[in-house]
Structures are given as structure tokens and as C-alpha cells.
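All values below were derived from every heavy atom in this structure, side-chain atoms included, with hydrogens, water molecules and symmetry-related copies excluded. First the proteins, then the strands, lettered A, B, ... as listed; each starts at 1. Small disclaimer: the values here were computed from a predicted structure and weren't measured.
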Amino acid sequence: MDKLKMGDNLRIGIGDMSKMTGVSSRQLRYWEQKGYIKAMNEEEGGARKYGLGSMYKIFAIKHFLDEGYTLAKAVEKAELHRKEGILLHRVFRTLIKGIELTDETEIKGRVDLGTADSYHVYGVVDEKGTRIELEKE
DNA sequence: TTTCTGACA
DNA sequence: TGTCAGAA
């Protein structure tokens, strides 16, 4: 019962996916044929059903396509981007010791990144921007 | 009505 | 990639 991911139940048809992402159904079928995206072909009359993951990838590919990349490059970028995101998430998930919001309305606060040598390391976000701050232990 | 595959002025 | 056809 590890319902870690919500939206696992989502089943999006090609028509809705096309409307949501702005990618034509013809393109979606072609991308799938090329192996760039995958659909869960569960029974039906052969009608494709896409999951949340596919939606993210489709949005990502379209994003890079709009920036001028060729389809192949856009797919590479999208896959790289996803892996970088996973890496980033893993790193911070294990490194972060604590988070404190200094502003309820805006996204400002400080992230406790633990200690390094004799310094306490913080990731700070405020009106001045985003930066690293060190505090002597 | 929507989706599928295949084909191409 | 768009679009049309013929079927499900």
C-alpha cells in the first residue's frame, strides 16, 4: 500500500492529452512509435491511455521543442532533465536537516543543510535572492 | 464521437 | 506532421 505517488490512477486518453499539452494526437502516436513516450495499452478497443508520468514527459518534450530543438534532441533534454531532477531531489532529501519559512505569504526561508567543518550551512531565500550562508558552530 | 492504422496532393 | 480514409 505504498501510495507514494498520487495520480497513479490517472488514465488520460490521447484526445485529452493532446488538448492539455498542445501536442497533436498524430505527434503523440508518432512519438510513441519512435519509443519516446509510452502508453499503457490496457485492453479497450486498442485505445491508448497515458499516465501522469507520460504527461510530464510530453510537456517536457514540447517545452524543448518550442525552444527550437529537434524532436530527438528535445527528448534527450527531457530525459536528462528528469534524471537531474531525481538526482537533485535525492541529494537534498538526504542532506536537508530542517526547513523554516520566514514568510507565510511568499516563498522565503532557510534550509538547514547541516554542518561542514565547524560551520553550519544554510540555504537562504529572501528578498536579496538565493544564497548559501555559513554560521560558526 | 473518438481513436486506430496506414498512406500521401 | 497534417489530414483523409475505412473500421471499430
Side-chain angles (χ1 to χ4, degrees):
Chain A
M1 305 349 147
D2 36 26
K3 296 269 182 177
L4 224 65
K5 295 179 182 175
M6 310 246 260
D8 265 356
N9 323 308
L10 285 183
R11 291 294 181 284
I12 309 169
I14 195 170
D16 292 325
M17 184 61 84
S18 177
K19 290 174 185 172
M20 294 179 67
T21 64
V23 177
S24 72
S25 56
R26 173 72 174 81
Q27 281 177 296
L28 291 175
R29 295 191 187 97
Y30 179 66
W31 293 3
E32 184 184 337
Q33 181 196 331
K34 299 283 283 185
Y36 296 152
I37 58 174
K38 59 177 181 177
M40 29 184 82
N41 284 316
E42 295 175 28
E43 35 210 319
E44 315 296 334
R48 296 171 175 71
K49 288 299 177 185
Y50 296 101
L52 191 60
S54 293
M55 192 181 83
Y56 287 141
K57 188 166 186 181
I58 292 167
F59 266 118
I61 294 173
K62 178 179 171 45
H63 171 75
F64 292 117
L65 225 40
D66 290 340
E67 287 193 338
Y69 291 96
T70 61
L71 177 56
K73 290 295 181 186
V75 172
E76 270 184 49
K77 282 270 188 179
E79 294 177 341
L80 212 61
H81 184 265
R82 184 182 64 80
K83 289 177 182 173
E84 289 172 349
I86 291 174
L87 177 62
L88 196 61
H89 187 266
R90 285 185 184 172
V91 167
F92 279 97
R93 188 209 300 156
T94 56
L95 258 47
I96 288 178
K97 304 304 178 187
I99 299 179
E100 50 180 296
L101 246 43
T102 57
D103 193 310
E104 294 292 327
T105 56
E106 295 181 67
I107 311 298
K108 293 177 180 175
R110 193 169 72 158
V111 177
D112 185 347
L113 297 174
T115 58
D117 290 326
S118 56
Y119 288 95
H120 207 117
V121 185
Y122 293 99
V124 180
V125 176
D126 59 20
E127 57 285 334
K128 299 174 188 170
T130 303
R131 63 185 178 286
I132 290 291
E133 281 190 357
L134 301 177
E135 280 183 16
K136 242 177 182 169
E137 285 289 83

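Taking the side chain to side chain contact (heavy atoms under 4.5 Å, CB included) definition, one finds that A/Lys73 meets it with A/Tyr69, A/Thr70, A/Glu76, sequence neighbours left out.
In this structure the side chain of A/Ile61 reaches within 4.5 angstrom of the side chain of A/Leu71, judged on heavy atoms. Taking 4.5 Å as the limit, every side-chain heavy atom of A/Lys77 sits out of range of all side-chain heavy atoms of A/Leu80.
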Please set out all donor-acceptor pairs under 3.5 angstrom arising from side-chain atoms of residues 27-36 of chain A, sequence neighbours excluded.
residue : atom : partner : partner atom : Å
A/Gln27 : OE1  : A/Ser24 : N            : 3.0
A/Gln27 : OE1  : A/Ser24 : OG           : 3.2
A/Glu32 : OE1  : A/Arg48 : NE           : 2.5

Solution key, residues 114-123 of chain A side-chain donor-acceptor pairs under 3.5 Å, sequence neighbours excluded:
residue  : atom : partner  : partner atom : Å
A/His120 : ND1  : A/Glu137 : OE1          : 3.2
A/His120 : NE2  : A/Asp112 : OD1          : 2.7
A/His120 : NE2  : A/Asp112 : OD2          : 3.2

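Annotation for A/Ala78 and A/Ala60: closest pair CB-CB, 3.8 Å, computed over non-hydrogen atoms. Nearest heavy atoms, A/Tyr50 versus A/Ala39: CE2-CB, 3.5 Å.
Sequence neighbours left out, the pairs with a member in residues 79-90 of chain A that pass salt bridge (Lys or Arg N to Asp or Glu O under 4.0 Å) are A/Lys57-A/Glu79. Pairs passing the ring-ring contact (aromatic ring centres under 6.0 Å, His included) check and including a residue from residues 71-106 of chain A, sequence neighbours excluded, do not occur. Contacts classified as side chain to side chain donor-acceptor pair (under 3.5 Å) and involving residues 125-136 of chain A (residues at least two apart or in different chains) are given here: A/Arg110-A/Glu135, A/Asp126-A/Arg131, A/Arg131-A/Glu133. Applying the salt bridge (Lys or Arg N to Asp or Glu O under 4.0 Å) rule to pairs touching residues 58-69 of chain A yields A/Lys62-A/Asp66, sequence neighbours excluded.
Taking atom NZ of A/Lys19 as the reference point, atom P of B/dT2 lies 6 Å away to the nearest angstrom.
Grouped by direct or indirect side-chain proximity (heavy atoms under 4.5 Å, Ile/Leu/Val/Met/Phe/Trp/Tyr only), A/Leu101 sits alone.
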Just the dot-bracket of DNA chain C, please: which string comes out with Watson-Crick or G-U pairs under 3.5 Å, [ ] for crossing, | for another strand?
.|||||||
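Within residues 61-69 of chain A, no residue has any heavy atom closer than 4.0 Å to DNA chain B.
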Sugar-phosphate atoms are those with a prime plus P, OP1 and OP2; base atoms are the rest. Using that split, label each nucleotide of nucleotides 4-9 of chain B B, S or - for protein heavy atoms under 4.0 Å, 5' to 3'.
SB-B--
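Along DNA chain C, the stretch of nucleotides lying under 4.0 Å from any heavy atom of chain A spans, 5' to 3', C/dT1 to C/dT3.
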